Each structure stands twice: as C-alpha cells, then as structure tokens.
Peer 1: 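Sending over a structure as structure tokens; questions will come in a sec.
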Amino acid sequence: MAVEHHSAVAGTALGMTLSQQQPARQTVAATAVVPAFALVDCNNFYASCEKLFRPDLANKAVVVLSNNDGCVVARCPLAKQLGVRMGIPAFQLRPLLQTGAVVAFSSNYALYADMSARVMQTLAELAPAVEVYSIDEAFLDVSGLSAADRAQLGQQIRQRIRQWLGISVCVGIAPSKTLAKLANAAAKHYPATGGVVDLTDPVRQRKLLALTPVGEVWGIGNKLSQRLQTLQINTALQLATADAGWIRQQFSVVEQRIVQELNGQSCLRLEDLPQPKQQIISSRSFGTVICDRQQMSEALCEYISRACQKLRQEQQQACQLTVFLRTSPFARQPYYADSRSGRLALPSSDTRDFFQLLPALLAAIWRDGHRYNKAGVMLTDFYPAMQVQPDLFASASSADPTGRGPQLMQVLDLINHSGHGKIWFAGQGIRQCWQMKRQSLSPAYTTNWQQLAWVR
DNA sequence: TCTGGGGTCCTAGGACCC
DNA sequence: TCTGGGGTCCTAGGACCC
C-alpha cells in the first residue's frame with residue numbers, strides 16, 4: 001500500500017524544480033551499465049479498485065476497511081481531504097458514514113488480487129524484468145535507458161495502465177531502490193511532476209533528500225527514526241551524509257545499506273524471480289469473541305486447513321506448526337496471549353498430520369474465562385515437496401495409513417478450486433459463528449461469473 | 001460493542017563441538 | 001606497551017515492509 005506522506009513538506013518549490021525535465025548529461029555508457037530502477041506504485045489501490053466498478057461514487061469519499069471491518073486501510077483522495085486518517089478504527093468513522101459523506105467497503109481481496117495481476121501483466125510487457133514487490137507496487141529494471149527514454153517510459157506506463165485498467169499509478173526512477181521509493185513518493189506528492197520523477201541526477205537527489213524527514217526513508221520505521229533523531233539525524237540528507245561504517249556500528253548492516261542506497265549506490269538487486277516462502281501464516285480476528293474451547297479448536301482447524309492448502313500450492317512441505325491465540329489488547333479485561341509449537345517427525349503437507357498436533361498445543365495455551373478475539377497458526381521449517389528425505393527410523397504418518405494422502409489432498413484442492421462447491425474436515429466446524437465480519441463487501445466483479453458488473 | 005493480516009531480515013545469546 | 005578460545009547452529013525477539 002502507499003506510504004503515508006507528511007503534508008508539512010514545502011511542496012511547490014520542489015514540485016517546480018522536479019517537473020522541469022532537465023535534459024541530463026547523457027553519458028554514453030560504453031562500460032558497465034549503471035543500474036536503474038523504476039518503482040511503479042498504484043495510487044490508493046484498494047479504494048481505486050472499488051471506485052472503478054462504481055462510477056456513481058466518482059465524486060464520493062470512499063474508504064476500504066481491513067479484514068473484519070476493523071480499521072481504515074485505504075482512502076481515495078476525497079476521503080483524505082475530509083480528514084479520514086489511515087488506520088483509524090471503523091467505529092470512529094460512523095458519523096461520516098451515517099451522513100453519507102463517506103462510503104466504506106469491506107476488503108475484497110479477490111478483486112484486488114485480480115486487478116493487481118492485470119497491472120503486473122501490463123508492466124511485464126513494458127520492461128525486461130519486473131519484481132512484484134507488493135500487491136500494488138513493482139520495481140522495473142530500466143538500466144541502460146537515456147534520460148529521454150526513461151521519461152517517455154514513465155509516461156507510457158502511466159498512460160497504458162490508466163487506459164487499459166482504469167488505475168492511476170506514479171513512477172519513481174533512480175539508481176537505487178531506496179531512491180526510487182523516494183522518487184515515487186515525490187511523484188505522488190507533487191502533482192506538478194506529472195506523476196513521474198526521475199532522480200538520476202545527484203543534485204536533484206540531494207534536493208529531495210534535504211526535504212525528506214528521515215522517518216520517510218524506506219526501511220526507517222518509528223523506532224529507528226527516534227534513535228536517529230537523538231543522534232541529530234533528522235533528514236534523509238543527514239542520514240545520507242553520515243559515515244556508513246559508523247551507522248553500521250550504531251545500528252546494523254541494514255542501516256548501512258540504506259546509507260549507501262541513499263547515495264545512489266545500489267545494494268538491493270531486482271528480485272525478479274520470486275523466492276520460495278519460508279513461513280506461512282493463517283490468522284484472523286474473530287467476528288465475535290470466542291470463549292468456548294470447541295469453537296477455538298474449529299477456528300484453528302480452519303486456519304491449519306488454509307495454511308496447508310497454501311503450502312501445497314507452494315509445492316513445499318513443513319515440519320513445524322505454531323499455534324497462537326490472544327485476547328483483545330484494547331479490551332478492559334487483562335490481556336492474555338500465548339503460543340506453542342509442535343513438530344512432525346517427517347515434513348508433510350497433509351492437513352491431517354497438522355490436525356493431529358493441534359489438541360496438545362491448544363491444551364497447553366488455552367485458559368478458561370478469557371474472551372479471545374484472535375488466533376492463528378504458522379507453518380515453518382520448509383522442505384521442497386520434491387526433495388523430502390525420508391527418516392530411516394521414523395514410521396510413516398499415522399494420519400495417512402493408506403499412503404495415498406498426496407492424492408487425497410490433490411482431490412480436495414481440485415474440488416475447492418473448481419467453483420462448484422467446497423468440502424472440508426469436520427474439525428473445521430459447520431456453523432463457524434466466529435467468522436470475520438464483512439458487512440460492506442463489494443461483488444467479485446472480475447473473478448465470478450455470477451457477479452459481473454452490469455452495463456445498461 | 002466496534003482497532004487487520006502476512007511476510008522478511010538481522011542480531012544477540014546460548015548450546016555445543018573441537 | 002598492553003592483549004589469546006574459535007566456530008557453528010539454533011531460537012527468540014525486535015525491527016521493518018505493504
């Protein structure tokens with residue numbers, strides 16, 4: 001999602017300088033090609049997806065809520081103008097919703113994921129290498145292009161994604177990913193840039209860095225920002241001009257890399273081949289709190305089942321299962337949270353193997369009398385499904401006496417992906433009264449034949 | 001009443017080996 | 001000048017990202 005921007009930065013002056021496309025000195029690089037990255041980031045992505053299929057809301061303030069309709073995670077520009085802050089709990093929004101000043105949607109992940117895939121597919125046609133960094137962002141390899149070509153490509157990306165998909169994006173171009181992030185933020189913040197900022201020129205880099213609070217640098221969060229400020233480092237420029245070795249001593253190699261990246265020295269390469277996952281988490285806040293152990297067990301079975309399905313999709317197997325639960329940190333009752341891990345003798349992706357670990361883990365962390373509002377499971381310690389080493393001494397899975405578990409899981413996944421119905425284990429429960437709240441869910445316009453948009 | 005979910009990386013420190 | 005356990009693996013916890 002888009003980073004929040006501080007509005008206090010003196011904008012117009014920089015907007016003007018950045019927008020003047022200075023014909024940069026063009027070094028014809030006969031030697032090694034200097035790396036260049038373009039960061040393409042969709043504007044207000046979730047809110048844009050919702051508005052796309054609701055032209056009647058074009059002039060309305062629209063926000064999208066987190067899972068469980070918990071808090072605001074995306075806002076269209078009109079909602080920002082109304083002063084709706086990122087992350088506020090949905091109940092604080094109620095007055096604005098009741099007057100009709102703001103329209104809220106539940107998270108429609110099916111829609112956003114599908115729109116995201118279309119954006120990424122479009123980008124793949126425009127650059128030799130693309131790293132899908134998040135649902136609404138991608139880094140592109142634009143090394144070796146002239147300044148004029150970079151500017152033209154930036155505009156072409158914007159134009160094509162707007163025309164083909166109705167989504168507006170901004171583009172930041174720079175010799176390192178960290179600078180490309182800052183360039184993108186500037187493109188979003190200053191309309192005079194035309195939505196594309198090329199930060200190849202060191203002079204312009206310094207200008208922007210001087211205007212950027214250090215906490216807005218990619219990789220500098222709240223804690224680091226505070227520590228840096230006690231060291232009199234308040235702006236991105238002050239961080240860039242700090243001694244990299246000293247920063248490493250004070251912090252770690254991560255922060256040292258940030259310093260180098262801010263100086264245009266690329267330390268983070270384009271990860272265009274997606275790496276296999278190292279952990280899979282499935283967790284949810286409940287629509288209503290759970291006080292009953294049987295219901296908790298059902299919810300955890302549901303999460304195990306989802307996690308294992310993802311694991312199979314990744315073509316991996318796992319050895320370790322962690323189960324966690326907690327009460328609400330906002331409730332008046334004393335806070336309680338705990339977790340336990342258990343191991344399989346052999347890696348597996350068979351849902352039933354992980355079900356067998358659950359009763360003991362849940363027994364170890366369950367306390368009667370609490371009002372639990374969230375729980376989840378985590379799978380770790382992965383092995384590629386094709387290269388699992390059997391254990392000479394461990395017996396085969398007792399959950400799979402026939403040895404045909406893999407085929408069974410495959411059939412299960414096929415049925416559940418077919419669109420013709422679902423099957424599940426009895427342990428997952430039938431009524432699932434703890435299911436999350438999604439009271440303002442929009443249709444799956446692009447992924448379900450029954451829910452296509454109508455044009456009259 | 002009502003406050004998200006899913007990831008990664010790094011470091012410190014303990015256990016253990018030689 | 002003064003000065004000598006080194007190295008690996010694992011886990012928990014903390015920071016960050018969107």
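These numbers come from a predicted model, not from an experiment. Chain A is the first sequence line, chain B the second, and so forth, proteins listed ahead of strands; every chain is numbered from 1.
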Peer 1: Write down the distance between CG (A:L268) and C1' (B:dC10), rounded to a whole number of angstrom.
Peer 2: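 Atom CG in A:L268 sits about 14 Å away from atom C1' in B:dC10.
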Peer 1: P atom, C:dG4 versus B:dC17: distance in rounded Å?
Peer 2: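 About 27 Å, rounded to a whole number of Å.
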Peer 1: It should be established whether A:R227 places a side-chain nitrogen or oxygen under 4.0 Å from OP1 or OP2 of nucleotide C:dA15.
Peer 2: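 A:R227 to C:dA15 OP1/OP2: no side-chain N or O under 4.0 Å.
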Peer 1: Which part of the nucleic acid, if any, lies within contact of A:N222, taking any heavy atom under 4.0 Å across all strands shown: a base, the sugar-phosphate backbone alone, or nothing?
Peer 2: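 Sugar-phosphate contact only - A:N222 comes under 4.0 Å of backbone atoms but never of a base.
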Peer 1: Any donor and acceptor pair, going by atom type alone, linking the side chain of A:T235 with main-chain N or O of A:A210 inside 3.5 Å?
Peer 2: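 It does not hold such a pair.
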Peer 1: Checking all strands, does A:L65 fall into the base, sugar-phosphate, or nothing category for heavy-atom contacts under 4.0 angstrom?
Peer 2: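 The residue A:L65 makes no contact with any strand.
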Peer 1: Would you indicate, yes or no, if B:dG6 has its OP1 or OP2 atom less than 4.0 angstrom from a side-chain nitrogen or oxygen of A:S283?
Peer 2: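 Answer yes for this pair, as a side-chain N or O of A:S283 is under 4.0 Å from OP1 or OP2.
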Peer 1: After noting the C-alpha distance and the side-chain angles of A:L209 and A:L179, does the key distance pass the side chain to side chain contact (heavy atoms under 4.5 Å, CB included) rule?
Peer 2: CA-CA 9 Å; A:L209 290 179; A:L179 284 173; 4.2 Å; yes
Peer 1: In whole angstrom, give the distance that lies between atom CG of A:N108 and atom C1' of B:dG5.
Peer 2: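 Answer to the nearest Å: 16 Å.
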Peer 1: Closest approach to the side chain of A:C71, judged atom by atom: which nucleotide of C:dC16, B:dG4, C:dC17 is it?
Peer 2: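 Within the option list, the nearest is B:dG4.
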Peer 1: Report yes if at least one side-chain N or O of A:Q278 is closer than 4.0 Å to OP1 or OP2 of B:dC9; otherwise report no.
Peer 2: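 So the side-chain polar atoms of A:Q278 do come within 4.0 Å of the phosphate oxygens OP1 or OP2 of B:dC9, strictly under.
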Peer 1: Determine whether A:W218 and A:Y133 satisfy the following criterion, ring pair (Phe, Tyr, Trp, His ring centres under 6.0 Å), listing intermediate values before the conclusion.
Peer 2: CA-CA 13 Å; A:W218 190 39; A:Y133 177 67; 5.6 Å; yes
Peer 1: If you check the A:L224 side chain, which of B:dG7, B:dC2, C:dC16 turns out closest?
Peer 2: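 That would be C:dC16.
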Peer 1: Checking all strands, does A:R284 fall into the base, sugar-phosphate, or nothing category for heavy-atom contacts under 4.0 angstrom?
Peer 2: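 Sugar-phosphate, no base atom in range.
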Peer 1: Write down the partner of B:dC18 under the Watson-Crick or G-U wobble criteria, each distance required to be under 3.5 Å.
Peer 2: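 Base-paired to C:dG5.
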Peer 1: Starting at atom CD of A:E314, determine the distance to atom P of B:dG7, rounded to an integer number of angstrom.
Peer 2: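 Value for this atom pair: 8 Å.
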Peer 1: Quick check: on DNA chain B, is the nucleotide nearest A:P89 upstream (toward 5') of the one nearest A:V254, or the reverse? Name the residue that is more 5'.
Peer 2: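 Its nearest nucleotide being more 5', the pick is A:P89.
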Peer 1: Rounded to whole angstrom units, what separation is found between the CZ atom of A:F324 and the C1' atom of C:dA12?
Peer 2: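 Going from A:F324 (CZ) to C:dA12 (C1'), I get 16 Å.
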Peer 1: When you get a sec, tell me which of B:dG7, B:dG5, B:dC10 is the closest nucleotide to the side chain of A:V253?
Peer 2: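 The nucleotide sitting nearest to the side chain is B:dC10.
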Peer 1: Could you tell me the separation between the CD1 atom of A:I220 and the P atom of C:dG14, rounded to a whole number of Å?
Peer 2: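 In whole Å, C:dG14 P lies 19 Å from A:I220 CD1.
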Peer 1: Take atom CZ of A:F286 and atom C1' of B:dG4, then tell me their distance rounded to the nearest Å.
Peer 2: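 Distance check: A:F286 CZ to B:dG4 C1' gives 14 Å.
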Peer 1: Side chain of A:F91: nearest nucleotide among B:dG7, B:dC2, B:dT11?
Peer 2: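 Nucleotide nearest to A:F91's side chain: B:dC2.
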Peer 1: By the 4.0 Å heavy-atom rule, please label A:K277 as base, sugar-phosphate, or nothing.
Peer 2: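 Sugar-phosphate, backbone atoms only, no base.
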Peer 1: Using a 4.0 Å heavy-atom cut-off across all strands, classify A:R257 as base, sugar-phosphate, or nothing.
Peer 2: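 Since only primed, P, OP1 and OP2 atoms lie under 4.0 Å of A:R257, the category is sugar-phosphate.
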Peer 1: So what does A:I88 touch, heavy atoms closer than 4.0 Å: a base, only the sugar-phosphate, or nothing?
Peer 2: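 Nothing: the residue A:I88, judged by heavy atoms under 4.0 Å, touches no strand.
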Peer 1: In whole angstrom, what separates A:K177's NZ from B:dC9's C1'?
Peer 2: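 Rounded to the whole Å, the gap is 14 Å.
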Peer 1: Starting from C1' on C:dC16, measure out to OH on A:Y133 and report it in whole angstrom.
Peer 2: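 Computing the A:Y133:OH to C:dC16:C1' distance gives 9 Å.
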Peer 1: Identify, between A:G87 and A:I281, the residue whose nearest nucleotide on DNA chain B lies closer to the 5' end.
Peer 2: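 With A:G87 and A:I281 compared, the 5'-side residue is A:G87.
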Peer 1: Anything under 30° is parallel, anything over 60° is perpendicular, the rest tilted; go ahead and classify A:F286 against A:W434.
Peer 2: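 Perpendicular: the ring planes of A:F286 and A:W434 meet at over 60°.
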Peer 1: Counting only side-chain nitrogens and oxygens, does A:S282 get under 4.0 Å of the OP1 or OP2 atom of B:dG5?
Peer 2: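 It does not, given that no N or O in the side chain of A:S282 lies less than 4.0 Å from OP1 or OP2 of B:dG5.
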Peer 1: Assess the pair A:F355 and A:F425: is the distance between their ring centroids shorter than 6.0 Å?
Peer 2: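 So the answer is yes for these two rings.
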Peer 1: Validate the cation-pi geometry between A:K177 and A:F139: distance from NZ or CZ to the six-membered ring centre under 6.0 Å, angle to the ring axis within 45°.
Peer 2: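 Relative to the ring axis of A:F139, which defines the angle, A:K177 lies inside both limits.
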